[in-house]
Amino acid sequence: MSTGKTSAPAIRYAAVTFDCPDPAEMARFYGEALALPVAYSSDDFILLGQEGAAGLGFNRLTDYRRPTWPDPSQEKQAHIELGVDDLESAQAHLLALGAVEPPTQPQPDRWRVLLDPAGHPFCITTLV
């Protein structure tokens, strides 16, 4: 056992990747919503992002099952929080891009839950 101190390796947050049936559809939706360009693309994976910044990835999963939020039968695996200046205009814009509004809105005056084209819940909020 060593008693000498060693420095921790540098670790950077690089990206979060969502499984989905169609990476191109997801990249189009989030790319337009967040004004992010495609940094890498293949048939089964697309990464959005700016040089030197964390990105969003979309990975094709052939047996992908949509989350059924708020029904827990197929839980959401993760969700993204997006900061906006105006809930109404941001929601209208995201719905026009292909998001879907689920019937359940836990606190619509503070944030809105929407579903992306693959069914992943995500939130928009003025709190960030």
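Computed from a predicted model, the values in this text were never measured in an experiment. Position 1 is the first residue of the sequence; numbering continues from there.
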- Task: Begin with the C-alpha distance, continue with both residues' side-chain angles, and end with the deciding distance and a verdict on side chain to side chain contact (heavy atoms under 4.5 Å, CB included) for Val38 and Leu48.
- Result: CA-CA 4 Å; Val38 173; Leu48 299 177; 3.8 Å; yes
- Within a strict 4.5 Å, meaning less than it, do heavy atoms of the Val113 and Pro106 side chains meet? yes
- Taking the six-membered ring for Trp, is the centroid-to-centroid distance between Tyr64 and His120 below 6.0 Å? yes
- Message: Could you tell me if the side chain of Glu75 sits less than 4.5 Å from the side chain of Pro67, heavy atoms only?
- Response: no
- Can you hop from Leu87 to Leu114 via hydrophobic side chains spaced under 4.5 Å? yes
- Note on the structure: Value for CZ (Arg65) from CG (Asp19), rounded to nearest 0.5 Å, stands at 12.5 Å
- When rounded to the nearest 0.5 angstrom, what distance separates CG in Asp86 from CD1 in Ile124? 9.0 Å
- Query: In Å and rounded to the nearest 0.5 Å, what is the CZ to CZ distance from Phe45 to Phe58?
  - Reply: 9.0 Å
- Message: Quick one, Tyr30 and Asp116 - any side-chain contact, counting heavy atoms below 4.5 Å?
- Response: yes
- Counting distance only, does the side-chain N/O of Thr125 pair as donor-acceptor with the main-chain N or O of Val84 below 3.5 Å? no
- Item | Shared hydrophobic cluster for Leu97 and Leu95 (ILVMFWY, side-chain gaps under 4.5 Å) | yes
- Message: Let me confirm one number: the CH2-CD distance from Trp111 to Gln105, rounded to the nearest 0.5 Å.
- Response: 10.5 Å
- Joint cluster assignment, Leu94 & Phe18, ILVMFWY side-chain distance < 4.5 Å: yes
- Report yes or no: do Met26 and Val16 belong to one cluster of Ile/Leu/Val/Met/Phe/Trp/Tyr joined by side chain heavy-atom distances under 4.5 Å? yes
- Item | Minimum side-chain heavy-atom gap Leu82-Phe122 below 4.5 Å | yes
- Is there side-chain contact between Gln74 and Arg66, with heavy atoms separated by less than 4.5 Å? no
- Separation between SG of Cys20 and CG of Asn59, rounded to the nearest 0.5 Å: 7.0 Å
- Message: Set out, in order, the CA-CA distance, both residues' side-chain angles and the distance that settles side chain to side chain contact (heavy atoms under 4.5 Å, CB included) for Phe29 and Glu25, then state yes or no.
- Response: CA-CA 6 Å; Phe29 175 78; Glu25 177 183 38; 5.7 Å; no
- Query: Above 12 or not: heavy atoms from other molecules or residues under 6.0 Å from CG of Asp109?
  - Reply: yes
- Item | OG1 on Thr68 to CG on Leu115, rounded to 0.5 Å | 10.5 Å
- Query: Do Arg112 and Glu88 sit within salt-bridge range, that is, some charged N less than 4.0 Å from a carboxylate O?
  - Reply: yes
- Task: Evaluate side chain to side chain contact (heavy atoms under 4.5 Å, CB included) for Leu34 paired with Leu56, printing each intermediate quantity in order.
- Result: CA-CA 10 Å; Leu34 299 171; Leu56 282 176; 3.7 Å; yes
- Shortest non-hydrogen contact from Pro37 toward Gln50: CD-NE2, 3.3 Å
- Glu51 atom CD, neighbour heavy-atom count above 12 within 6.0 Å: no
- Asp85 and Thr126: side chain to side chain contact (heavy atoms under 4.5 Å, CB included), yes or no, with the steps? CA-CA 6 Å; Asp85 292 330; Thr126 57; over 6 Å; no
